[in-house]
Amino acid sequence: MKPELSVVIPIYNEEAGLAKLFARLYPSLDALGIAYEIIFINDGSRDKSAAILAEQFRERPDVTRVVLLNGNYGQHMAILAGFKATRGDITITLDADLQNPPEEIGNLVAKIREGHDYVGSIRRERRDTAWRTYASRAMNRLRERITHIKMTDQGNMLRAYGRNVIDLINQCNEVNTFIPALAYTFARTPTEIVVEHEERAAGESKYSLYSLIRLNFDLVTGFSLMPLQIFSLLGIVLSLVSAALFVLLLVRRFVLGAEVQGVFTLFAFQFFLMGVLLFGVGLVGEYIGRIYQQVRGRPRYVVHAILEQTSDQSVEPVPSRLKG
Ligand code: UDP
Ligand code: MG
């Protein structure tokens with residue numbers, strides 16, 4: 001039977017918290033009284049996550065499906081792999097670490113049923129480290145200016161998507177993407193609700209500072225060309241200023257004679273301009289690198305196995321290397 005609700009959860013090295021997740025997720029979905037499926041995507045975990053997921057699949061084969069990727073492709077790619085497997089009219093994404101309370105799923109479903117095809121979420125009180133909360137808020141503001149996408153809280157993955165939005169996302173072949181922004185560009189009647197946010201139940205964040213910076217570059221380069229345009233404009237302004245300076249120095253040369261003072265000021269100015277230039281070259285590189293990845297056209301992720309109940313109701317065998 002086709003479920004009405006598909007819940008998509010990416011998993012990367014979450015062995016410490018999965019039992020707690022199952023203990024809250026299944027009861028809160030059972031309580032909704034609608035046909036649902038949970039799609040776990042194992043994003044190449046190197047711990048026992050895959051085995052725990054296989055075990056859980058045997059426990060609840062009626063509502064559990066597990067997509068096993070053959071490597072670590074990142075949270076957003078893992079979710080896209082999950083989207084391909086969804087069958088429900090409503091899809092919900094959430095994190096595996098219980099930072100997104102499963103008890104909120106009902107509220108998201110209710111909002112979709114009001115006629116929205118995308119429901120974003122705003123964390124009432126964010127439970128992350130102070131530097132992350134602050135940096136993310138600043139990035140949120142910058143991103144809003146650059147991309148013109150109105151998301152109050154871009155980072156929270158507890159979101160609901162209508163079938164039309166999921167179908168459109170499934171047609172995209174983006175190598176680098178940011179799912180909440182992608183969904184927003186396709187949604188006709190998006191809305192947002194306020195949700196709770198909890199501290200990570202177990203284990204550590206899978207995002208280093210470096211991967212957070214990469215993710216934000218994906219977001220900005222994937223949804224806007226404004227950074228490149230700003231550089232073109234900056235180039236024009238700098239050329240005009242330099243031309244004016246040249247005329248000024250030329251006049252000075254004839255009125256006051258040759259000058260050799262101010263060498264260090266010149267150095268400072270040069271270094272500053274070199275910095276701007278290097279930043280510009282790097283920025284162009286960010287776009288080109290992504291174009292290069294895209295044109296190579298390699299598979300974005302590789303599914304190594306899917307654990308799901310086949311139509312004759314028998315349970316598919318679990319690959320032996322996942323046991324235990
Ligand atoms: N995740 C993933 N692949 C990765 C990194 C993270 O599937 O390469 C999953 C992770 O298991 C979790 C979710 O993405 O379910 C969010 O990750 P995390 O909680 O570490 O991010 P944070 O809350 O710190 O932003
Ligand atoms: Mg988290």
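Every number for a ligand or one of its atoms is a count from 1 in the order of the listing. Start at 1 with the first residue, then count along the sequence. Remember, predicted model here, so these are calculated numbers, not experimental data. Keep in mind that the numbers below use all heavy atoms, side chains included, and drop hydrogens, waters and symmetry copies.
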Shortest protein heavy-atom distance from [atom], along with the residue and atom involved:
| atom | answer |
| --- | --- |
| atom 18 (P) of ligand 1 | Arg200 NH2, 3.5 Å |
| atom 24 (O) of ligand 1 | Ser205 OG, 2.6 Å |
| atom 21 (O) of ligand 1 | Tyr207 CD1, 3.4 Å |
| atom 9 (C) of ligand 1 | Pro10 O, 3.7 Å |
| atom 19 (O) of ligand 1 | Asp97 OD2, 2.6 Å |
| atom 3 (N) of ligand 1 | Asp43 OD2, 2.6 Å |

Exercise. Of all N/O/S atoms in Asp97, which lies nearest to the Mg ion (ligand 2)?
Worked result: OD2
Exercise. Within the distance-only criterion (no hydrogens, no angle test), does the side chain of Gln294 pair as donor or acceptor with the backbone N or O of Asn176 below 3.5 angstrom?
Worked result: no
Quick one: side chains of residues 75-93, donor-acceptor pairs under 3.5 Å with protein atoms, not counting sequence neighbours, listed by atom name and distance.
residue	atom	partner	partner atom	Å
Gln75	OE1	Tyr207	OH	2.6
Gln75	NE2	Asp95	OD1	3.2
His76	ND1	Ile179	N	3.1
Lys84	NZ	Asn170	O	2.9
Thr86	OG1	Phe83	O	2.7
Thr86	OG1	Arg163	NH1	3.4
Thr86	OG1	Arg163	NH2	3.4
Arg87	NE	Glu37	OE1	3.1
Arg87	NH2	Glu37	OE1	2.9
Asp89	OD1	Lys2	NZ	3.2
Thr93	OG1	Met157	O	2.6
Thr93	OG1	Tyr161	OH	3.1

Exercise. N/O/S of Ser205 less than 2.8 Å from the Mg ion (ligand 2)?
Worked result: no
Problem set entry | Heteroatom N/O/S of Asp95 within less than 2.8 Å of the Mg ion (ligand 2) | no
With no hydrogens and no angle check, do the side chains of [X] and [Y] hold a donor and an acceptor under 3.5 Å apart?
| X | Y | answer |
| --- | --- | --- |
| Tyr12 | Arg46 | yes |
| Asn140 | Asp153 | no |
| Tyr36 | Asp30 | yes |
| Gln56 | Thr64 | no |

For this session: Could you please spell out the steps behind the salt bridge (Lys or Arg N to Asp or Glu O under 4.0 Å) verdict for Lys206 and Glu14?
Result: CA-CA 9 Å; Lys206 305 299 176 292; Glu14 300 283 4; 3.7 Å; yes
Exercise. Between Lys206, Gln75, Glu14, which one has a non-hydrogen atom sitting closest to atom 12 (C) of ligand 1?
Worked result: Glu14
Seminar exercise, completed: Check: of Arg132, Gln99, Glu199, min heavy-atom distance to atom 25 (O) of ligand 1 comes from Arg132
Answer side chain, backbone, both or neither: which part of [X] comes under 4.0 Å from ligand 1, heavy atoms only.
| X | value |
| --- | --- |
| Asn72 | side chain |
| Met157 | neither |
| Ile11 | backbone |

Exercise. Looking at Arg200 and Gly203, what are the two nearest heavy atoms and their distance?
Worked result: CD-O, 3.5 Å
